[in-house]
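First the structure, in the form of structure tokens, and then the observations on it.
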Amino acid sequence: MSATQYDAIVIGARCAGSPTAMLLARQGHKVLVVDRATFPSDTVSTHLIHPPGVAQLRKWGLLERVIATNCPPIHTYAFDFGPVVISGSPGTQEEPYSYAPRRTVLDKILVDAAAESGAEIREAFTVEEIIVEDGKVVGIRGHQRDGESVTERARVVIGADGRHSTLARTVKPEQYNERPEIESSYYTYFSGVPTDGRFETYIRESRGFAAWPTNDGLTLVVGGWPYREFEENRKDIEGTFMRMLDMVPAFAERVRKGKREERWVGAAVPNFFRKPFGPGWALAGDAGYNKDFITALGITDSFRDAELCANAVHSSLTGAREFNDAMGEYQKTRDEHVIPMFELTCQIAALEPPPPEMQQLLGAMAGNQEAMTGFTQMLGAVKSPAEFYAPENVEKIFAAAAQRKPAGP
Ligand SMILES: Cc1cc2nc3c(=O)[nH]c(=O)nc-3n(C[C@H](O)[C@H](O)[C@H](O)COP(=O)(O)OP(=O)(O)OC[C@H]3O[C@@H](n4cnc5c(N)ncnc54)[C@H](O)[C@@H]3O)c2cc1C
């Protein structure tokens, strides 16, 4: 048994955990972060960070470190629907780029930043049990790799331990907006497939695939199919994947000219929200809110959660606010912000052809740079779906298209 009483223990040291710990430590709290992994290490995740996530890294003073790893900026998102390609900047004038640092690179930068801010980091430490006394979470029991079981206590235990969260398994929070797996995807890395700073994505019937640049001159290539095909297609991942790319011969040819540098990695995830707090505990990142990765929002969302969660925990630790009040606001702000994108994500993940009215809108957008940029900014998490699909905006797009149409005979 350790004699130390921490203000906060954070389980999980990746996109949600390390920033939460860093922000609490920067506010003067005594924080312990544990993770069963050691860093640098990879995890099953592609790693596109949209401009709002990039803005968080900048605000925390960490963007320069990411850029210094020779991670190239991504200046354009291009969505190829077959008949139309919608292409534009994902960001704004202030924050124009996305980045896709390897998780080996990103997560290490985050862990180091938490340590530099004063958080105590224990890598290779597995939490086996959450300690609950009188209905309140008061600590953790776990062990260092090959070590003996130890107990650590804290005023609050934060589960940033991913979608299979040990903390959530113990406290069994209310779950809502649950949807089972919708699609399954595989990804790998190629050399010799330049993308020139573009995130390119191809949407075809029951298929979606994309490519974008990352560290070490590599290009990440990812693609997927409906979850109902998961079992059948896993028998021949590479064959199924390459047949999918053949739906866009020019893209398939570019990929075939390159060299696959790593193994295939795949996943399919369920969609859910969890109430992210209760007596003595909180959840951040995927532990509290998980969704299909097709819109690449998990890291950006985890960064925002980390800040909301850390601020709420801080205000309750200092006595400025009641725990339930502060954390209730965290949940409300999170849900209001992410639910529209969650709905859009589930729709896109179905990999169904766009409905007729959407096809008309896509057709009207083609060639209208302002409209296309609005669309790419929405999928870059800069603009909300409510703003883009607002009737005034849609009408404006159709009106501009009608004006561009050559006069009939
Ligand atoms: C295939 C795939 C592709 C994706 N692509 C993107 C993308 O392009 N862009 C994007 O923004 N998001 C993407 N995501 C989502 C993104 O990976 C997650 O949203 C993000 O990793 C969540 O971070 P987290 O810190 O909440 O959890 P995680 O990254 O899952 O980290 C949880 C940590 O907790 C630790 N842990 C868990 N249990 C314990 C325990 N009992 N004891 C000690 N440690 C424990 C784990 O070791 C792990 O390090 C993708 C996800 C998948 C599956």
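Order of appearance sets the numbers: ligands from 1, and atoms from 1 within every ligand.
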If you have a sec, work out which protein heavy atom is nearest [atom] and how many Å separate them, to one decimal?
atom: atom 42 (N) of ligand 1; result: Val127 N, 2.9 Å
atom: atom 40 (C) of ligand 1; result: Arg36 NH2, 3.6 Å
atom: atom 9 (N) of ligand 1; result: Leu48 O, 3.0 Å
atom: atom 27 (O) of ligand 1; result: Gly162 CA, 3.7 Å
atom: atom 46 (C) of ligand 1; result: Asp35 OD1, 3.5 Å
atom: atom 6 (C) of ligand 1; result: Thr46 O, 3.1 Å
atom: atom 36 (N) of ligand 1; result: Asp161 CB, 3.9 Å
atom: atom 11 (O) of ligand 1; result: Ile299 N, 2.7 Å

How does [X] reach ligand 1, if at all, at less than 4.0 Å between non-hydrogen atoms: by side chain, backbone, both, or neither?
X: Thr166; answer: side chain
X: Arg103; answer: side chain
X: Leu297; answer: backbone

Just jot down the ligand 1 atoms closer than 4.0 angstrom to any heavy atom of [X], in number order.
X: Ala296; result: 7 (C), 8 (O), 9 (N), 10 (C), 11 (O)
X: Ser302; result: 22 (C), 23 (O), 26 (O)
X: Ala160; result: 32 (C), 33 (C), 34 (O)
X: Gly285; result: 26 (O)
X: Phe125; result: 42 (N), 43 (C)

Distance under 6.0 Å and angle within 45° of the ring axis: does [X] meet both against [Y]?
X: Lys275; Y: Phe277; result: yes
X: Arg254; Y: Phe251; result: no
X: Lys291; Y: Tyr289; result: yes

Heteroatom distance test ([X], ligand 1): nitrogen or oxygen, under 3.5 angstrom:
X: Val34; value: no
X: Thr43; value: no
X: Cys15; value: yes
X: Thr126; value: no
X: His47; value: yes
X: Ala287; value: no
X: Gly12; value: no

Next on the checklist: Filter on salt bridge (charged side-chain N to carboxylate O under 4.0 Å, His left out), then keep only pairs touching residues 98-115, sequence neighbours left out; what's left?
Outcome noted: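 Listed once each, the pairs are Arg14-Asp107, Asp42-Arg102, Arg102-Glu262, Arg103-Asp107, Lys108-Asp112.
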Item to check | Parallel, tilted or perpendicular, as decided by the 30° and 60° cut-offs, for the rings of Phe199 and Tyr77 | outcome: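 The rings of Tyr77 and Phe199 sit tilted, inter-plane angle from 30° to 60°.
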Who's closest to [atom] heavy-atom-wise, of [options]?
atom: atom 12 (N) of ligand 1; options: Ala210, Gly298, Ser165; value: Gly298
atom: atom 26 (O) of ligand 1; options: Ile130, Asp286, Val44; value: Asp286
atom: atom 50 (C) of ligand 1; options: Tyr187, Phe39, Tyr289, Phe293; value: Phe293

Can a side-chain donor-acceptor contact be found between [Y] and [X] if the only test is distance below 3.5 angstrom?
X: Tyr202; Y: Glu200; result: yes
X: Glu343; Y: Thr345; result: no
X: Arg153; Y: Gln5; result: no

[X] and [Y] aromatic centres sub-6.0 Å:
X: Phe241; Y: Trp264; value: yes
X: Phe303; Y: Trp60; value: yes
X: Phe375; Y: Phe388; value: yes

Checklist entry - Any chance CD of Glu205 has more than 12 other-residue heavy atoms, nucleotides or ligands included, within less than 6.0 Å? => result no
Checklist outcome for this item: All heavy atoms of Gly380 vs all of Pro52, minimum pair found to be O-CD, 3.3 Å
Item to check | Residues forming a side chain to side chain contact (heavy atoms under 4.5 Å, CB included) with Lys59, sequence neighbours excluded | outcome: Gln56, Glu307
Next on the checklist: Once rounded to the nearest 0.5 Å, what's the spacing between atom CD1 of Ile237 and atom OH of Tyr186?
Outcome noted: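 One finds 4.0 Å between CD1 of Ile237 and OH of Tyr186.
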